[in-house]
Q: 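This is the structure I have questions about; it appears just below.
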Amino acid sequence: MRGKLFVFSELYYPDESATGYVLTRIAEGLAKSLTVHVLCGPPSTYGGSARAPLFETRKGVIIERCPATTLDKNIMLLRLLNVVTVSLSIFWKALWRMQRGDSVLVVTNPPTLPFVALAASRLRSAKCLLLIHDVFPEALTAAKMLQPGGFPVRFLDGLYQLLYRKVDRIVVLGRDMLRLVMQKLNPDDLRVHVITNWADLEEIVPAHRAHNVLLKKLNLADKFVVQYAGNIGRMHGLEVLLEAAKILKGRTDIHFLLVGSGAKKQWLESLAKKEGLNDVSFLSPQPRSDLADVLNASDVAIISFIPGMAGVSVPSKMYNILAAGKPIIALVDHDSETAMVVREEQIGWVVPPGRPELVAAALEEASADRQCLLEMGKRARAAAEGKYSFQRVIESYRELLENV
């Protein structure tokens, strides 16, 4: 690659959200062999430190944080204002910083940013690589924010088809996403590449629950812990876990632990209290430095999506669950990347979304056979080491950039 690589992302270090963390690690990994510049939003957008400088070099990456509004993201109108201001700010900076022969790697969140990146790339005779974290408008229809077949959906679908045709390369996170994106392109289009996310193999290793600080703190050391850790949002259908907890109300040895925040957390907490679900507890998001302890504070991990999310989004949390050596109960579409990994590696159960009775049955089976769980955990860790290392992922990005 002859020019510089620019990474466009609303979220970047010190932000600890999934998108911010993933883009930070990719940029730092590529900076070992390329000149990497990051144009991102202000760090306070999602709880990052407001003291982070507007301009700095960190781990070989030149970071420029662009001024933008940082209003409450849980209020849709304010979130849209954040999206518009950060996109325009990054676009303006890009016009000043980019040169002919450079390349841009841009993520799909927020939805306006890829179009900004494509416009800046064309104006500066640069290459544009699109990293798809969420497929639009399918993500909006799955979340019931837009009605399928309506004019807004058709309009957005046309815009994204145009985007996919105009960018130079596309990276998708899984086989289900590849299938969905290829429906918008010619079947023989060779610009689309599958590069998964990775497991943090050095930071996250299996650890015996007897030494887990979090379990002791929460007084759960003698419980069979069912854990969901991540965004408690509209697309995750976590009310099914509360329904499963109602079915298992007599099993006081089984405890549900939900770690994270999001649009539906307060509602779920109220629902659990109303139903008297004493074996369901909620924990605020924990620092990423404590992720190993959090993941190891479980006997089985939950990955959950609402129906229709196959190909729309691939959960990055899955790979660190594998690194921790935890079996998975996946409440996902049967043809999703998560379901395929769970079946192929024989590391858990795949349950259709919205079926609490099947979740309860899987948990009863899991809690009754600890030896089976142990073997699943070993296979999970082996899969993480053999297929989803950070080095393998970064090498895939490096090869892709060299061949643009």
Side-chain angles (χ1 to χ4, degrees), residues 1-68 70 86-87 89-110 113-114 116-117 120-121 124 126-131 133 168-169 171 173 195-203 287-289 291 316 389-402 404:
M1 179 178 162
R2 59 186 179 128
K4 301 181 294 294
L5 173 66
F6 282 82
V7 176
F8 289 8
S9 176
E10 178 186 22
L11 307 175
Y12 194 79
Y13 172 86
D15 189 275
E16 292 190 335
S17 67
T19 298
Y21 178 75
V22 166
L23 269 294
T24 300
R25 289 296 308 278
I26 290 174
E28 291 173 356
L30 292 173
K32 293 179 180 179
S33 58
L34 302 172
T35 301
V36 179
H37 293 245
V38 168
L39 298 180
C40 60
S44 56
T45 305
Y46 287 101
S49 170
R51 294 187 299 273
L54 292 178
F55 189 92
E56 69 173 316
T57 299
R58 179 179 184 271
K59 295 188 177 181
V61 179
I62 302 166
I63 308 166
E64 189 162 1
R65 298 183 176 93
C66 305
T70 56
V86 76
S87 297
S89 187
I90 289 175
F91 176 71
W92 177 251
K93 290 288 185 182
L95 293 183
W96 283 95
R97 300 289 183 257
M98 290 170 57
Q99 298 176 337
R100 178 185 294 272
D102 291 340
S103 296
V104 174
L105 176 65
V106 61
V107 71
T108 46
N109 296 316
L113 197 55
V116 162
S121 297
R124 287 291 179 258
K127 299 293 185 181
C128 187
L129 293 80
L130 176 66
L131 170 55
H133 277 188
D168 297 284
R169 294 290 187 277
V171 175
L173 300 179
I195 304 179
T196 67
N197 281 324
W198 61 88
D200 294 312
L201 295 169
E202 296 181 1
E203 295 85 357
R288 187 165 285 273
S289 58
L291 183 57
S316 59
S389 70
F390 180 69
Q391 291 75 17
R392 174 175 282 200
V393 169
I394 285 300
E395 186 57 35
S396 296
Y397 276 103
R398 190 175 291 112
E399 290 179 3
L400 179 62
L401 287 162
E402 291 293 339
V404 171

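Keep in mind that this is a model prediction, so the values were computed, not measured. As a basis for the values below, the full set of heavy atoms in this structure was taken, side chains included, without hydrogen atoms, waters or symmetry mates.
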Q: Should the ring pair Tyr21 and Trp198 be called parallel, tilted or perpendicular, given that the plane angle runs from 0 to 90° and is split at 30 and 60?
A: tilted
Q: Rounded to the nearest 0.5 Å, how far does CD1 of Ile26 lie from CG of Asn197?
A: 6.5 Å
Q: What are the two closest non-hydrogen atoms of Lys127 and Asp168, and how far apart are they?
A: CA-OD2, 3.3 Å
Q: Locate the shortest heavy-atom distance separating Phe91 from Ala120; write the atom from each residue and the value.
A: CE1-N, 3.8 Å
Q: Just wondering, do Gln99 and Lys4 contact through their side chains at under 4.5 Å, heavy atoms?
A: yes
Q: What's the shortest heavy-atom distance between Val107 and Leu113, and which atoms?
A: O-CB, 4.3 Å
Q: Side chains of Tyr397 and Leu131: does their closest heavy-atom pair fall under 4.5 Å?
A: yes
Q: Suppose we screen for side chain to side chain contact (heavy atoms under 4.5 Å, CB included). Which residues come up paired with Ala18, at least two apart in sequence or across chains?
A: Ser316
Q: If you look at every heavy atom in Ala117 and Val104, which pair is closest and at what distance?
A: CB-CG1, 4.0 Å
Q: Any salt bridge between Glu395 and Arg398, counting N to O under 4.0 Å?
A: yes
Q: Mind checking the OG-CG spacing from Ser9 to Leu105? Nearest 0.5 Å is all I need.
A: 9.0 Å
Q: The criterion is ring-ring contact (aromatic ring centres under 6.0 Å, His included); which residues satisfy it with His133, sequence neighbours excluded?
A: none
Q: Calculate, to the nearest 0.5 Å, the distance between atoms CG and CG belonging to Leu129 and Leu401 respectively.
A: 5.5 Å
Q: Could you tell me the separation between the CD atom of Glu64 and the NZ atom of Lys93, rounded to the nearest 0.5 Å?
A: 4.5 Å
Q: Just wondering, do Glu28 and Ile394 contact through their side chains at under 4.5 Å, heavy atoms?
A: no
Q: Could you tell me which non-hydrogen atom of Tyr12 sits nearest to which non-hydrogen atom of Ala27, and how far apart they are?
A: OH-CB, 3.5 Å
Q: Measure the CZ-OH distance between Arg25 and Tyr13 for me, rounded to the nearest 0.5 Å.
A: 13.5 Å
Q: For residues Ser289 and Glu203, determine if any side-chain heavy atom of one lies less than 4.5 Å from a side-chain heavy atom of the other.
A: no
Q: Looking at side-chain heavy atoms only, is the closest gap between Arg65 and Pro53 below 4.5 Å?
A: yes
Q: Could you tell me if the side chain of Ile62 sits less than 4.5 Å from the side chain of Phe55, heavy atoms only?
A: yes
Q: Rounded to the nearest 0.5 Å, what's the gap from OG1 on Thr24 to CZ on Arg58? Could you check?
A: 7.0 Å
Q: Quick one: do Asp102 and Arg124 satisfy side chain to side chain contact (heavy atoms under 4.5 Å, CB included)? Show the steps, please.
A: CA-CA 8 Å; Asp102 291 340; Arg124 287 291 179 258; over 6 Å; no
Q: Which heavy atom in Ala52 sits nearest to a heavy atom in Pro14, and how many Å separate them?
A: CB-CD, 4.0 Å
Q: Are the side chains of Leu130 and Thr108 in touch, meaning some heavy atoms are under 4.5 Å apart?
A: yes
